[in-house]
Colleague: 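Before I ask anything, let me first share the structure, which is written out below as structure tokens.
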There are 2 protein chains.
Amino acid sequence: MNTEDLSLNIAAVERETGLSKDVLRKWESRYGFPLPLRDGHGERLYPVEQVARLRLIKRLMDSGMRPSRLVGRPTEELLALGPRPVLTTPASPGRETIDETLDLLRKHDPKALQRQLSRLLQQQGLRRFVQDSIAPITKEVGESWARGQLEIHEEHLYSEVVQGLLRGALDPLNDPDGRPRLLLSTLPGEAHSLGLLMVASVLALDGAHCISLGAQTPMDDLCKAAGAHDVDAVVLSFSAAFARRRIPPALAELSARLPEGVEIWAGGAGTARLSSQAQVVRLLPTLEAAEEALGHWRIAHPLPGN
Amino acid sequence: MNTEDLSLNIAAVERETGLSKDVLRKWESRYGFPLPLRDGHGERLYPVEQVARLRLIKRLMDSGMRPSRLVGRPTEELLALGPRPVLTTPASPGRETIDETLDLLRKHDPKALQRQLSRLLQQQGLRRFVQDSIAPITKEVGESWARGQLEIHEEHLYSEVVQGLLRGALDPLNDPDGRPRLLLSTLPGEAHSLGLLMVASVLALDGAHCISLGAQTPMDDLCKAAGAHDVDAVVLSFSAAFARRRIPPALAELSARLPEGVEIWAGGAGTARLSSQAQVVRLLPTLEAAEEALGHWRIAHPLPGN
DNA sequence: CAACCATTTTGTCCTGGACAAATGAACACA
DNA sequence: TGTGTTCATTTGTCCAGGACAAAATGGTTG
């Protein structure tokens, strides 16, 4: 009964870690880890320690690392590899606030969560809210999941609530006559849209007109929308999980199909290590870079009236 | 390219229908359906018509039917088998309201969704809100998913928001001195907690004191909590998806382990076809039955003061 | 009518192999 | 130097088909 209490079957591990059963079995045969016990019927039983390590590995992989570097290592080394901040300038909102937020998540209380975050938003203003609260809390949510202190389902809930909040804050502040006019989205295959909304907030605050299409817009729709809304640039976000190899060709294709004169701005952790591609796209690896890009665009495109 | 547009690979079908790859392959070999095409590499390609039928089948199974009766049949017959209302007295809130709600879901806007439902709640009051709005809307959400018009993810979001709303409405109205004192939960394996909250609303409105533990409380905790809170009854909810066979033994065990004098009330679609078990538990197949049970309890337990 | 048991149905897990997609490294070219 | 291409390696997904436990059904009996 000791092992039963402390072990999970393969389906439970898949649920807990997000690693498919196939992957779990393959890793076992290829790397010798995880190496589960077997129950009376020859079925795998994963001790909780192995599950914890798997969760850690999955997290690091989501931030761009590869299994071969991770699967062999002991837990301590994995912890040391922890993700470094990319979009964040961690002027943290304080342990307390973060913990309160996570508690609300665990209680499955979207309403209270919204209240809590709304309050922060009112206190700090959108700009600081995005950079000093949402960025670090999001990071913490991800890490809590890796520690097994949050269910993946709860992470989704967090994401939904924050998106709703940012959209709500963005909407009234979006100047229909603002310039430049920007179309925001992610390409098919890139599900993370939180970073995109954070960029949108910053840009809208600086007076740009942001049209957000949500995540995974097919390239066709993107081009049509760019034409229909007569935008100056298309802003795309790529997380570290997006296959880096596919970014340049995708951007090249988009560049070819987009109406004449429409720029491409690409941001997110996935673009950090990208080679310049200088002529085609402008890279926005950080929120500050996004603001900078906006400034450059304004200098290059002075208002005809002036 | 025609077949590519209109077909999904096995992973996509798993995502769309909630049927695992193993199940999809087994059904193919056992029942001859689904019978996907194959791509150049021998991998399965499911045409959208088959996916739609699978979604329908899954829905019917979730409401208690078995594959052998479903998998062979053509789409029209499946549609005719549609689930009959169990907990609902459909005094529908009107097509319009339902459609608006689903639209908000598809826009992934939890805030607006909450506003919309809050408004309904204010207009109708909790009792009618639960029975005339939440019940039919929930049904529609489920059926929309079966038609492929809603993603499973969006169904989860709906559930979270409604739960938050009901909890919020319930909390202030819960009389700490109310009688009877009720402990509400579901057993491990039963994830559906919406029905439970609906029952809780009705009971709290009638002056009972409801202590809700959320879903999947281990039996140990349930018994301890029953003692600690000195409750008069434990209220459990079983959806049609819960293995019917396991309900009687589970209830028997609980009955044995619960403190002396604590009743068990069992509700939800899963208890509809249950044999009486008369001495041990009280069955609450509908919201009305729950109110009735409350009345009976009050008659059987007159206040000592009177 | 309820409880029990044998039988059938159904879902999950297993092995081990094939192979495509993604990646990194080596190389050629401007 | 930097940019693009090609090839080998790594990694995830899929496949077949068999085993078997869990669940449901349909008698049978008290």
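Here the structure is a predicted model, which is why all the values come from computation and not from measurement. Computation of the quantities below employed the complete heavy-atom set of this structure, encompassing side-chain atoms and omitting hydrogens, waters and symmetry-equivalent molecules. Residue numbers start from 1 in every chain, and the chains themselves are labelled A, B, ... in the order their sequence lines are given, proteins ahead of strands.
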Colleague: Expressed in angstrom and rounded to an integer, what is the separation of A/Asp39 atom CG from C/dT12 atom P?
Modeller: 16 Å
Colleague: What's A/Arg69 touching, base or sugar-phosphate or nothing? Going by heavy atoms closer than 4.0 Å.
Modeller: nothing
Colleague: With a 3.5 Å cut-off and just heavy-atom distances, do the side chain of A/Arg30 and the base of D/dG12 make a donor-acceptor pair?
Modeller: yes
Colleague: Whole angstrom is fine here: how far is it from CD in B/Glu28 over to C1' in D/dC14?
Modeller: 12 Å
Colleague: Can you tell me the distance, in whole Å, between the CZ atom of B/Arg38 and the P atom of C/dA18?
Modeller: 17 Å
Colleague: Please determine if a side-chain N or O atom of B/Ser29 lies less than 4.0 Å away from the OP1 or OP2 oxygen of D/dA16.
Modeller: no
Colleague: Considering only side-chain heavy atoms of B/Arg66, which listed nucleotide, D/dC15, C/dT9, C/dC14, is closest?
Modeller: C/dT9
Colleague: When you measure from the side-chain N and O atoms of A/His41 to the phosphate of D/dC20, is any distance below 4.0 Å, counting only OP1 and OP2?
Modeller: no
Colleague: Under 4.0 Å from OP1 or OP2 of C/dC13: is there any side-chain N or O of A/Arg25 that close?
Modeller: no
Colleague: List the atom of B/Ala240, the atom of B/Ala269, and the distance in Å for their closest heavy-atom pair.
Modeller: N-CB, 4.0 Å
Colleague: Check the distance between D/dA16's C1' and B/Arg44's CZ and give it to me in whole angstrom.
Modeller: 8 Å
Colleague: Starting at CZ of A/Arg15 and ending at P of C/dT12, how long is that distance when rounded to a whole Å?
Modeller: 11 Å
Colleague: As a test of reading the structure: which of D/dC14, C/dG11, D/dG12 is closest to the side chain of A/Trp27, going by heavy atoms?
Modeller: D/dG12
Colleague: Starting at the 5' end of DNA chain C, which residue's closest nucleotide do you reach first, A/Phe242 or A/Ile10?
Modeller: A/Ile10
Colleague: So A/Thr186 and A/Phe238, do their side chains get closer than 4.5 Å, heavy atoms only?
Modeller: no
Colleague: Are B/Arg15 and B/Glu151 within salt-bridge range, i.e. N to O under 4.0 Å?
Modeller: no
Colleague: Nearest-Å distance, CG (A/Asp22) to P (C/dG17)?
Modeller: 15 Å
Colleague: Can you check whether B/Lys26 has a side-chain N or O nearer than 4.0 Å to OP1 or OP2 of C/dT12?
Modeller: no
Colleague: Name the closest nucleotide to the A/Tyr31 side chain, picking from D/dC15, D/dT11, C/dG11.
Modeller: D/dT11
Colleague: Check side chain to side chain donor-acceptor pair (under 3.5 Å) between A/Arg25 and all other residues, then give those that pass, not counting sequence neighbours.
Modeller: none
Colleague: Taking only side-chain nitrogens and oxygens of B/Ser20, does any of them come within less than 4.0 Å of OP1 or OP2 of C/dG11?
Modeller: no
Colleague: Could you state the NZ-P distance from A/Lys21 to D/dC15, rounded to the nearest angstrom?
Modeller: 15 Å
Colleague: Using salt bridge (charged side-chain N to carboxylate O under 4.0 Å, His left out), reason through B/Arg257 and B/Asp220 one step at a time and then give a plain yes or no.
Modeller: CA-CA 9 Å; B/Arg257 294 174 56 183; B/Asp220 253 359; 2.4 Å; yes
Colleague: Specify the residue among A/Glu43 and B/Glu43 whose closest nucleotide of DNA chain D lies further upstream toward the 5′ end.
Modeller: B/Glu43
Colleague: Let me know the distance between CG of A/Leu54 and P of D/dG12, rounded to the nearest Å.
Modeller: 12 Å
